[in-house]
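Here is the naming used below: chain letters follow the sequence lines, and residue numbers restart at 1 for every chain.
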Amino acid sequence: MSDSIRAICMPKWGLSMKEGTVAAWLMDEGDEISPGDEVMDVDTEKISSAVEASESGILRRQIASEGDTLSVGDLLGVLADSDTSDADIDAFVTEFQANYVPPADDEDDGGAATETVDVDGRSIRYLLRGEGGVPIILVHGFGGDLNNWLFNHEALAAKRAVYALDLPGHGASSKDVGDGGVTALAAVVSGFMAALDIDKAHLVGHSLGGAIALSVALDNADKVASLTLIGSAGLGAEIDGDYLQGFIAAERRKDLKPHVEKLFSDPALVTRQLINDLLAFKRIDGVQAALETIMAAFAPGGSQALVMRDRIGDVAGPVLAIWGSGDRIVPASHAEGLPGNVRTEVMSGQGHMVQMEAASEVNKLIDELIG
Amino acid sequence: MARKITYQQAIGEALAQEMERDETVILMGEDVAGGAGAPGDDDAWGGVLGVTKGLYGKFGDRVMDTPITESAFIGAAVGAATAGLRPVAELMFIDFMGVCFDQIFNQAAKFRYMFGGKAETPVVIRTMYGAGFRAAAQHSQCLYPVFTHIPGLKVVTPATPYDAKGLLIQSIRDNDPVIFCEHKALYTLEGDVPEEAYTIPFGEANVTREGDDVTIVTLGRMLHVAHEAADALAKEKISCEVVDLRTTSPIDTDTIIESVENTGRLVVLDEAHPRCSIATDVSAMVCQEAFSALKAPIRMVTAPHVPVPFATNLEDLYIPDAGQVQQAVRTVMGKD
Amino acid sequence: MQLSKDDLLKAYRMMKTIREFEERLHVEFATGEIPGFVHLYAGEEASATGFCMHLDERDKIASNHRGHGHSIGKGCDVHAMMAEIYGRGTGLCGGKGGSMHIADLSKGMMGANGIVGGGPPLICGAGLAAKKLKTKGVAIAFFGDGASNQGTTMESLNLASVWNLPCVFVCENNGYAEATSSKYSVSCDDAADRASAFNMPGVVVDGHDFFAVHEAAGEAINRAREGKGPTLIECKLNRYYGHFEGDAQTYRGKDEVKNLRATIDCLDQFRAKVTSASLLDDAELNAIDSDVAELIDDAVEKAKAAPMPAAAELLTDVYISY
């Protein structure tokens with residue numbers, strides 16, 4: 001009986017999250033829960049999102065209340081069968097709370113530290129979660145970093161090794177971007193694989209990262225097991241050049257915020273901390289120059305320089321294209337009319353950061369593709 | 001990549017990285033190396049509290065110990081700045097400004113204007129301020145309001161290690177004279193600081209905590225007191241927004257006004273003496289620009305109008321604390 | 001001596017320009033058209049000229065409130081200087097500095113200074129920069145007997161000595177600090193006596209004798225250029241006018257100025273020396289006199305006609321970046 005009782009806990013989104021605040025319960029006590037259902041909205045310093053159930057059951061107890069701030073791992077609610085006794089649930093809760101230890105202050109990353117590897121003279125930072133199998137490599141987009149995958153990395157790592165890297169000019173990687181073009185950046189990704197002895201990988205790329213992943217797949221057919229392109233560049237000329245220029249030019253929070261809001265379908269997700277983190281990144285020596293170089297090579301005059309649409313049919317393994325229908329950066333029309341080897345999913349109402357705003361669905365699609 | 005270092009280390013790192021990058025950056029001050037002309041160690045002190053330790057070893061005669069002669073060496077730093085160097089001079093305690101203030105406020109601050117827009121005086125004066133070390137009246141003051149008053153100076157007051165490094169690098173790269181104020185009680189404070197060099201623009205306040213009921217505008221060490229008070233007030237269901245000025249000249253009036261227009265209530269927390277302080281400056285500005293947004297009169301939490309006392313109990317009474325901030329917040333909330 | 005004919009002509013022109021500039025200002029100031037304070041250098045020309053003849057674009061000078069002579073010596077534009085003194089928009093500092101803050105950093109003139117003793121520390125800085133940047137430049141501080149008592153001056157002497165800076169400290173002792181005699185306020189007989197306290201050579205020179213100044217200046221400047229450290233030179237001289245224009249100078253002896261003009265005038269001395277040694281003739285010197293008169297006339301005329309600075313200039317150039 002008692003092993004039907006399961007805890008719903010405060011998740012850990014990204015390396016630095018220590019706590020979250022309950023914004024709203026989305027399910028009531030007594031509701032039936034299936035895996036993937038959104039159970040509650042949580043606000044953290046960096047971002048706001050929904051906690052998704054990973055198991056089935058009845059939501060028997062809401063432990064946390066709206067407005068409460070709880071540490072990562074703390075008890076939010078209890079799932080059980082409909083006929084589990086209240087007394088058993090009480091006992092479960094008491095025992096959990098007695099044994100629960102919040103993460104220590106100096107425990108920055110729950111045991112997962114980022115590492116760096118030298119790729120042809122450039123230092124590339126990456127985060128590895130999970131183990132075994134044919135690994136996934138997650139490649140972020142322009143102005144992002146490996147934390148863009150904070151809602152995907154852990155979930156995808158349940159079944160195999162998953163690497164997320166910082167592209168040159170981004171995150172904590174070297175700011176040397178070479179000529180800044182997609183091909184040059186793709187060479188860094190394949191160099192990354194070589195440096196870590198990764199013979200074959202599933203590539204998942206977002207935005208510019210998608211174009212990079214596609215380029216790697218076209219030039220290294222034997223090394224790429226599958227390709228997932230999310231709101232990807234490289235499949236058409238159109239891109240919001242104003243966004244790229246605005247992102248680069250913005251020096252203050254007020255100037256940057258409207259551009260960053262364009263990325264999301266729900267602008268409320270753009271917290272002050274998110275903007276601060278982006279500003280802090282842009283203010284690091286060398287970043288401005290790196291971003292300018294990349295933009296000039298990748299999308300001069302607001303138009304993508306390297307369009308590989310006509311070659312995507314040549315990609316050897318399975319290809320999945322995921323787009324938000326309301327993507328304001330790279331239009332969802334680029335996902336239409338792709339050749340038959342490409343499975344396409346355009347998610348209604350989603351924006352450019354679909355891997356964050358519809359994480360659960362995106363994770364599911366990738367899992368299905370990879371198998 | 002970011003890692004935890006102290007405020008003091010962040011400052012030392014900023015100096016080292018800028019001196020590495022630009023050979024016209026030189027350091028001077030009393031005992032910034034320590035040991036000049038003496039038989040024992042060179043770099044014996046590395047600054048009275050060790051902030052510049054190790055720099056002499058790296059940069060040799062670009063790190064210059066001075067005699068105790070502020071008006072001459074601060075003036076020399078100013079003159080050298082007009083002649084092609086980018087000096088970072090250390091005024092050991094802000095309290096010593098009296099013996100060299102002319103060179104700062106009448107010379108450096110005014111060259112650009114008086115000489116018709118042609119002078120460039122890229123000098124940084126780093127100085128320690130603040131109470132809490134039982135250093136008594138002549139070594140504990142917060143005199144940044146005096147510098148803030150002078151057109152032509154920029155005044156910087158970082159409260160965290162991240163801000164200290166970024167703002168010091170910005171100060172060194174800025175072509176105007178900058179007074180960089182380091183609170184001595186913050187030297188051991190740890191925080192996440194990127195290894196790489198980076199900048200933070202002047203005139204950008206940092207909203208370190210968002211809230212809806214009251215705005216607390218503050219700077220320097222008092223930022224941490226504000227947070228302590230805000231945490232306690234959260235338990236009383238009062239939601240505080242905390243604004244760290246980071247620089248008093250230029251000052252980010254937009255962020256202050258935006259916050260007050262949102263909350264309608266203002267408490268200004270400033271460790272300096274109350275008369276003609278940053279507290280009075282911000283309060284007057286808000287009254288002038290956002291009076292109709294205010295739901296209650298502004299409260300200022302400051303030290304009293306007295307010199308800093310020596311006795312430990314008296315000094316502790318002197319320094320504004322979280323309890324006083326909480327009381328002021330309750331007052332503006334009408335809950336006292 | 002060993003000055004070429006060109007140099008002699010240049011020196012005379014420099015001194016005459018300063019003299020004419022100051023004498024004319026004395027007349028114009030009395031009309032009430034010139035705002036603020038003006039402190040005239042008339043009588044002291046040999047000092048500024050004796051030093052400035054040795055200087056080039058590597059070198060820097062800082063002056064005091066009595067700074068017109070040094071400015072002209074270092075090559076500041078006479079028209080722009082006059083316009084600045086009149087507070088016009090075409091002035092050397094856009095009309096925003098005035099007589100006491102005349103500067104041209106492009107010519108190495110770090111400014112006249114309204115603060116007594118303000119210059120010497122800045123000159124330590126210029127010397128430090130020259131040393132670090134290896135320009136072989138020297139930095140010269142001109143100050144008066146009044147400033148020789150200021151803490152900043154003595155601290156600067158010490159610092160320049162301790163750091164072995166390529167500086168020359170020139171005390172132009174005209175016997176009066178404002179209305180107080182230097183006999184009263186300076187504790188030693190010669191301000192140059194203080195040099196030994198700071199471990200540098202101290203030289204006393206007749207400030208009315210261009211050639212004497214030029215020689216002493218040359219030695220000190222070469223010493224500095226060669227990295228051998230600073231020197232303190234005291235030029236004993238006289239000012240013809242008051243501390244500021246409007247000063248009735250009742251603290252001076254009856255006929256004191258009249259007698260000085262008649263007996264020790266530096267321009268007269270120069271003319272006497274060069275003509276009696278047949279280095280230059282009167283005609284050549286007179287030609288310079290005419291030239292200079294025209295120059296000053298023109299400068300005053302243009303200054304009077306020049307526009308005021310635009311009102312918007314009130315708020316500009318407080319900072320380089322905002």
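Looking at B:Pro250, neither its backbone nor its side chain comes within 4.5 Å of chain C, counting heavy atoms on both sides. With a 4.5 Å cut-off on non-hydrogen atoms, C:Leu157 does not touch chain B at all. Within the 4.5 angstrom heavy-atom criterion, atoms from both the backbone and the side chain of B:Phe73 approach chain C. Only the side chain of B:Thr24 comes within less than 4.5 Å of a heavy atom in chain C; its backbone stays farther off. Contact annotation for C:Leu105: only side-chain heavy atoms (C-beta onward) come within less than 4.5 Å of a heavy atom of chain B. Contact annotation for C:Thr135: neither backbone nor side-chain heavy atoms come within less than 4.5 Å of a heavy atom of chain B.
Heavy atoms from other residues, nucleotides or ligands lying under 6.0 Å from CD of C:Glu33 number more than 12. More than 12 non-hydrogen atoms from other residues, nucleotides or ligands lie less than 6.0 angstrom from CH2 of C:Trp163. Environment of CG in B:Asp22: crowded, with over 12 heavy atoms of neighbouring residues, nucleotides or ligands closer than 6.0 Å. Atom NZ of C:Lys136 sits in a sparse spot, with 12 or fewer heavy atoms from other residues, nucleotides or ligands closer than 6.0 Å. Other residues, nucleotides and ligands contribute only 12 or fewer heavy atoms inside 6.0 Å of the CZ atom of C:Phe37.
Side-chain contact check for B:Thr82 versus C:Leu122: every heavy-atom pair is 4.5 Å or farther apart.
Contact count versus chain B (heavy atoms, under 4.5 Å) is highest, among C:Gly94, C:Ala129, C:Gly127, C:Gly114, for C:Ala129. Put simply, of C:Ile115, C:Asp104, C:Leu128, the one with the most heavy-atom pairs under 4.5 Å next to chain B is C:Ile115. Heavy-atom pairs under 4.5 Å with chain C peak, among B:Asn175, B:Thr121, B:Ile74, B:Val99, at B:Asn175. When each of C:Pro121, C:Ser106, C:Gly119 is scored by its heavy-atom pairs under 4.5 Å with chain B, the top score falls to C:Pro121. Residue with the most contacts toward chain C among B:Gly37, B:Ala77, B:Ala80, B:Ala72: B:Ala72 (heavy-atom pairs, distance under 4.5 Å). For the options C:Thr153, C:Leu92, C:Ile320, C:Leu133, heavy-atom pairs under 4.5 Å to chain B are most numerous at C:Ile320. Top candidate by heavy-atom pairs under 4.5 Å with chain B, chosen from C:Gly151, C:Ala103, C:Ala62, is C:Ala103. Chosen from B:Lys118, B:Glu120, B:Arg62, B:Lys154, the residue pairing most often with chain C at heavy-atom distances under 4.5 Å is B:Lys154. Listed options B:Ala83, B:Ala81, B:Gly75 were ranked by heavy-atom pairs under 4.5 angstrom with chain C; first place goes to B:Gly75.
Remark: side-chain polar atoms of C:Asp317 are not paired, donor with acceptor, to backbone N or O of B:Tyr113 under 3.5 angstrom.
Among all heavy-atom pairs drawn from C:Gly117 and B:Gln103, the shortest one is O-NE2, 4.4 Å. Nearest heavy atoms, B:Gly152 versus C:Val318: N-CG1, 3.3 Å.
Here CG of B:Asp174 is found 4.5 Å from OG of C:Ser321. Values are rounded to the nearest 0.5 Å.
Between B:Asp61 and C:Lys132 there is a salt bridge, with a side-chain nitrogen of the basic residue lying less than 4.0 Å from a carboxylate oxygen of the acidic one.
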Task: Worked verdict on C:Tyr319 versus B:Ser249 for side chain to side chain contact (heavy atoms under 4.5 Å, CB included) - done: CA-CA 11 Å; C:Tyr319 298 101; B:Ser249 183; 3.4 Å; yes
Open item on the list: Is there a side chain to side chain contact (heavy atoms under 4.5 Å, CB included) between B:Phe115 and C:His101? Walk through the geometry before answering.
Closed with: CA-CA 7 Å; B:Phe115 298 164; C:His101 309 113; 4.2 Å; yes
